[in-house]
Amino acid sequence: MRFSKILLPTLKEVPAEAETISHKLMLRAGLVRKLVTGVYVYLPLGFKILEKIKKIVRAEMNKIGGQQMMMPAIHPVSLWKESGRWDLFSPVMYRLLDNEGRGNTVLGATHEVIITNLVKREIQSYRQLPQLFYQIQTKFRNELRPRFGLIRCREFTMMDAYSFHSTQKSLDETYSAVYEAHKRIFDRCGLSYKIVEADSGPFGGKVSHEYMVLSDSGEDKILICEACGYAANIEKLATQSNSMTTNKEEKKQLPLKEVETINMKTVEEVARFLKVKSRDLIKTLVYQNQEEKLLVLIRGDDELNEVKLKNYLKSSQWTLADEEVVRNLTNAPCGFAGPVKIEGVKIIADYKIKEMCNAVTGANKENYHLINVNPGRDFTVDEYLDLRTVREGEPCPKCKGKFMLKTGIEIDHIFDLGTTYSQALGANFLDDKGVEKPLIMGCYGIGISRLISTIIEQNCDEKGIIWPFEIAPYKVLIVALNYYDQNVKSVADKLYSEFIDLKVDVLLDDREETPGVKFKDADLIGIPIKIVIGKKGLAEGKVEIQERKTNKTEKVNIEEIKNKILSLILSFNT
RNA sequence: CGGGGCGUAGCGCAGUUGGCUAGCGCACUUGCUUUGGGAGCAAGGGGUCCCCAGUUCGAGUCUGGGCGCCCCGACCA
């Protein structure tokens, strides 16, 4: 391709909409343009990169026996309702209204129910199992807050794979084959990443792993053990206080007492005022859904882990109660709630609460707190659970090393779904004894378009993108510095057509721009190998080869250039 | 949806105590010169000042409503 012909609108200045490095570079390098929030146009260069990634994904999925197929973006609502997943997914699904005003269809946010419905009809016997299907397709999700360019979009490209099995052992084998295949995919994409244990969220199932790229532009918090490397999403990680053995200090329980705490609402304010530590307070959170309310107790210095709470409640319909509900329940504004002498509401508490002695809580009375509160004596907890968020520095459950807190971008999430979907949709098979059983299922999802952003995050410098060789939209960029010069033009054109004949992905900068412009753009778009052809060099019979990544520069004779480049490409490929 | 910020040429911005023809840089067009790290000179083109309503002799500027965009939080590949 010739630079003078391709639509490659590089920008000198950063558009105001971009915040993160990858987002800025994607716009500056002319890869994508935003249409509306969370929806992007892929320009020719961006599209080429997307295709490079898809090619790698296809190759690795095919290698483990994956069968590519293509499912529709339009789904019938009825199937979603039948699967029991409608309540969980409907908030992110775009609903379609047909011209008669009927809303019987939605845009697909994920495809478990579609594939399960298909397999239910097409597969009857254990002899047809296992199966591994995948597709690379557009997903539509009405995300609450799209951001960071391609990292969180409302329309995005995903590789989603689904496997079906007659036994757990068979699923485990496929799961680990996919696990390894996905590692190879990300290695080939030039990414460094961490595989973490994760929460399965609304997809259901038990075991799941996320592939996380460590980056400040990430949306997830993960904890990594600095000793053994074990890692988990902070949402998922169980605390070490789960054991029912209590470390309750054998302090003398003092008599309950009410103290005035005017306008002291936050843990910090109350702790400072009463001259105690925040860990001596019991935080009381009121949760509500349509019908009920719930009191959640957590130690003052801990953070509630809402995922753990929602997993326990088995619903995402619960939210933190609003001011009015809190006032009705506690006879006080937010900030003075407590578990003592409160009527008609279930109380659950983190394990740490059980160990507390002479604690401080709200008095359910405006401007008052209680001191010397003791669980068991002053209030009853219906259930103790693991509800707190693990903090940096806490011990690793595997090796007692310490956890470090990092932020990551989730590029892949793989799940052992069990029989969640097959049972809901009645997708069964006959085993070798003729017994009908629900299919055992796995699913595996890579955010393809998100990978573009992620690869840039990890492969750039102050001058621009540095594409990993396999992802690079062009492998070689010929920078013809003085293209108006007949000599330069003929050498550049000849080399260009030779590379095309050799099936080398080559871009020729034949624009009438000054050298500075060409060099800046070359650095920005990050093509791995650059050949600089200029008047001065040619006078000595030389051209220059530069590597984007190492900045290594070599002057070579014109006759040698072709072979030099071919061997350089070979070295990149191995 | 809650909190914060923004909306003026393709991009980055100024102009906002109401005032006459809305400006700067980059980009774009034409010509000449230049050509190894974002060239110079000259001449040009390009604007519903986000939208609607109101106040006013007069609104980019003031008031009200709406829409869009970005950042922080809940959701997730």
Side-chain angles (χ1 to χ4, degrees), chain A residues 9-20 23 27-28 30 33-38 88-89 91-93 109-111 136-161 182 198-203 208 210-213 218-220 233 235 306-307 310 316 318-320 322-323 408-415 443-454 463-464 479-485 488 511-524 530 532-539 543-544 546 553 555:
Chain A
T10 56
L11 303 174
K12 226 186 272 192
E13 284 173 299
V14 186
E17 68 185 63
E19 195 77 11
T20 58
H23 193 190
L27 293 170
R28 289 228 294 130
R33 290 292 183 257
K34 186 177 66 189
L35 183 61
V36 290
T37 303
L88 286 164
F89 278 97
V92 299
M93 304 255 271
T110 181
H111 284 73
I136 297 174
Q137 195 243 19
T138 305
K139 297 283 183 274
F140 301 89
R141 294 186 190 171
N142 189 12
E143 293 289 349
L144 300 173
R145 183 149 101 84
R147 57 180 144 180
F148 304 151
L150 297 181
I151 289 181
R152 168 151 249 93
C153 282
R154 292 197 165 131
E155 177 179 331
F156 62 98
T157 306
M158 181 167 166
M159 189 293 296
D160 44 324
H182 285 199
D199 183 77
S200 298
F203 291 90
S208 86
E210 289 166 336
Y211 292 62
M212 291 283 189
V213 165
E219 302 178 285
D220 290 87
N233 194 309
E235 295 174 342
E306 276 211 2
V307 173
K310 284 177 180 170
S316 55
W318 289 82
T319 56
L320 208 52
D322 49 50
E323 176 85 31
I409 304 171
E410 182 185 345
I411 51 174
D412 186 5
H413 198 164
I414 60 177
F415 303 77
C443 86
Y444 320 88
I446 297 178
I448 302 285
S449 44
R450 175 180 283 182
L451 280 176
I452 297 180
S453 287
T454 311
K463 292 187 287 189
V479 180
L481 285 184
N482 327 89
Y483 197 66
Y484 56 88
D485 180 271
V488 172
R511 295 175 299 170
E512 290 180 20
E513 291 286 355
T514 54
V517 172
K518 295 189 177 190
F519 285 131
K520 293 289 182 195
D521 276 347
D523 291 337
L524 181 60
K530 179 168 68 185
V532 183
I533 302 175
K535 256 197 308 201
K536 287 179 188 168
L538 284 189
V543 296
E544 210 168 279
Q546 283 182 25
T553 302
K555 285 192 176 170

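Chain naming here is simple, since letters A, B, ... match the order of the sequence lines and numbering starts at 1 in each. No hydrogens, no waters, no symmetry mates; every other heavy atom, side chains included, goes into these values.
Residue A:Asp485 is out of contact with every strand shown, counting any heavy-atom pair closer than 4.0 Å. Note on A:Glu235: nothing from the nucleic acid sits closer than 4.0 angstrom, heavy atoms only.
Remark: A:His182 engages no residue in a ring pair (Phe, Tyr, Trp, His ring centres under 6.0 Å) (not counting sequence neighbours). Contacts of A:Glu306 classified as salt bridge (Lys or Arg N to Asp or Glu O under 4.0 Å), with partners at least two apart in sequence or in another chain: A:Lys310. For A:His111, the ring pair (Phe, Tyr, Trp, His ring centres under 6.0 Å) criterion is met by A:His75, not counting sequence neighbours. With sequence neighbours left out, A:Arg147 forms a side chain to side chain contact (heavy atoms under 4.5 Å, CB included) with A:Arg145, A:Arg152, A:Glu219. Residues passing the side chain to side chain contact (heavy atoms under 4.5 Å, CB included) test with A:Glu13, sequence neighbours excluded: none. With sequence neighbours excluded, the residues that form a side-chain hydrogen bond (donor to acceptor under 3.5 Å, both in side chains) with A:His413 are A:Ser208, A:Glu410.
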Could you run down the sub-3.5 Å N/O contacts of the protein with nucleotides 3-14 of chain B?
from: B:G12; atom 1: OP1; to: A:Ala16; atom 2: N; distance (Å): 2.5

Please write out each protein N/O paired with an N/O of nucleotides 39-42 of chain B under 3.5 Å, distance rounded to 0.1 Å.
from: B:A39; atom 1: OP1; to: A:Thr514; atom 2: OG1; distance (Å): 3.4
from: B:A39; atom 1: OP2; to: A:Thr514; atom 2: OG1; distance (Å): 3.2

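Taking only side-chain nitrogens and oxygens, A:Lys34 comes nearer than 4.0 Å to OP1 or OP2 of B:C70.
Applying the side chain to side chain donor-acceptor pair (under 3.5 Å) rule to pairs touching residues 512-522 of chain A yields A:Thr10-A:Asp521, A:Arg511-A:Asp521, sequence neighbours excluded.
With its ring centre under 5.5 Å from that of the base six-membered ring and a plane angle below 30°, A:Phe156 counts as stacked on B:A77.
Residues A:Leu27 and A:Val14 have side chains not in contact (no heavy-atom distance under 4.5 Å, counting atoms from C-beta outward).
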